[in-house]
Amino acid sequence: MAELADSFDDFLPEALRFRSPAPLIDIGANLTHESFNRDLEAVLQRARAANVTKLIVTGTDLEHAEQAVELARRYPGLYATAGVHPHDASHWNASMARDMAALHKEPEVVAVGECGLDFNRNFSSPQAQERAFEAQLGLAAESGLPLFLHERDAGKRMQQMLHAWRDDISQAVVHCFTADRATLYGYLDLDLHIGLTGWLCDERRGHHLRELVGAIPLERLMLETDCPYLLPRNLPAKLKGRRHEPALLPWIGREIAHWHGIGEARLAEATTATATAFFRLPHTDSEGLQHG
């Protein structure tokens, strides 16, 4: 992923101050990233102004999962996932398994993950990735929590492993889906959910996704920024620095609604209902983001 700038404006340009016509849920926000350290409360305020009312903070290893839980305890409307990303799978051990199992019992944790397979970069070997993923599938079965999945260039193997566990796990979402039609249909056949990001706002690599959006049933579709990464490349104004943030989710929703052939409000209502049910979130906005 591209390097992020060291500093950012404290506000969004007027042209980037979007507001969704209905409440949105960002199911993938890496708010434990160091780029949010100095202005997190302002980031949350901008998200609320954009009608992004709930955020799922991604925990990609033990340290960041613990940080995600702390953020969820501190800020209403934030929830956490807890897992080990395939990049860090080589660090998986029995002690980490116990610590993760304990985190999965915390009320702030709403999913096991981010976990899965990444055969694109192989920062951990495929064997280590499969071992850690298998263990976390077991933790998901044990806890009853849904899975927050990562997959790159590993669709066939991911489907094989999920098929073997499908009767034991509850639900699963393939976060930041970027693969091809066959892989998408394979996931849908497994009754999985699909998370879409601003990847399809990228003229260099997102064109194929635009043709697939309409194939995803609204009851399986959720929206995410994956911030601070994946800043949409087709924003109507430039943003100093390269940090993405939840306040820009309505722009992604607008793009996805267009390619799905429906209105923004309908997409927002449907994806929010889907995310609320999937992560078992409160239905009332009183549990949403609060201004600091």
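For this chain, numbers begin at 1 and follow the sequence in order.
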Find the distance between CD (Q67) and CG (L31) and round it off to the nearest 0.5 Å.
11.0 Å
Could you state the interatomic distance from CG (L230) to CD1 (I252), rounded to the nearest 0.5 Å?
8.0 Å
Only one of F279, Y187, F278, F148 clears ring pair (Phe, Tyr, Trp, His ring centres under 6.0 Å) with H193; which?
F278
Do E134 and W165 have side-chain atoms, one donor and one acceptor, less than 3.5 Å apart?
yes
So CZ of R254 and CG of L248: to nearest 0.5 Å the spacing works out to 11.5 Å
Between atom CD of E106 and atom CZ of R73, what is the distance when rounded to the nearest 0.5 Å?
4.5 Å
Between H163 and R166, a side-chain donor and acceptor under 3.5 Å
no
Can you check whether I27 reaches L223 side chain to side chain, under 4.5 Å on heavy atoms?
no
CA sep, side-chain torsions, deciding dist, call: R121, D153, salt bridge (Lys or Arg N to Asp or Glu O under 4.0 Å):
CA-CA 9 Å; R121 296 187 178 183; D153 296 346; over 6 Å; no
Taking atom types as modelled and ignoring hydrogens, do the side chains of D88 and H85 form a donor-acceptor contact shorter than 3.5 angstrom?
no
Minimal heavy-atom distance between T81 and G59, with the atoms involved, is OG1-N, 2.9 Å
Indicate, with yes or no, if L149 and F123 share a hydrophobic cluster defined by side-chain heavy-atom contacts under 4.5 Å among Ile, Leu, Val, Met, Phe, Trp and Tyr.
no
If you draw a 6.0 Å radius around CD in E203, do more than 12 non-hydrogen atoms from other residues or ligands fall strictly inside?
yes
With distance as the sole criterion, is a donor-acceptor pair present between the side chains of T225 and D26 under 3.5 Å?
yes
Side chain to side chain, I56 and V110, heavy atoms closer than 4.5 Å
yes
Rounded distance (nearest 0.5 Å) linking atom NE2 of H244 with atom SG of C227:
6.5 Å
Using a 3.5 Å distance criterion without hydrogens, assess whether the side chain of R181 forms a donor-acceptor pair with backbone atoms of L212.
no
May I ask you to check whether W199 and D226 show a side-chain donor-acceptor distance below 3.5 Å?
no
The residue among L196, V173, T274 that forms side chain to side chain contact (heavy atoms under 4.5 Å, CB included) with L221 is L196
Taking the six-membered ring for Trp, are H175 and H150 parallel (under 30°), tilted (30 to 60°) or perpendicular (over 60°)?
tilted
Is it possible for you to say whether V174 and L190 belong to one hydrophobic cluster, with membership spreading through side-chain heavy-atom contacts below 4.5 Å?
yes
Does the side chain of L40 come within less than 4.5 Å of L71's, by heavy atoms?
yes
Would you check if there is a donor-acceptor pair between the side chains of Q160 and R157 at a distance under 3.5 Å?
yes
Are there more than 12 heavy atoms of other residues, nucleotides or ligands under 6.0 Å from atom CZ of R266?
no
About how many Å separate CD of E264 and CG of L267, when rounded to the nearest 0.5 Å?
8.5 Å
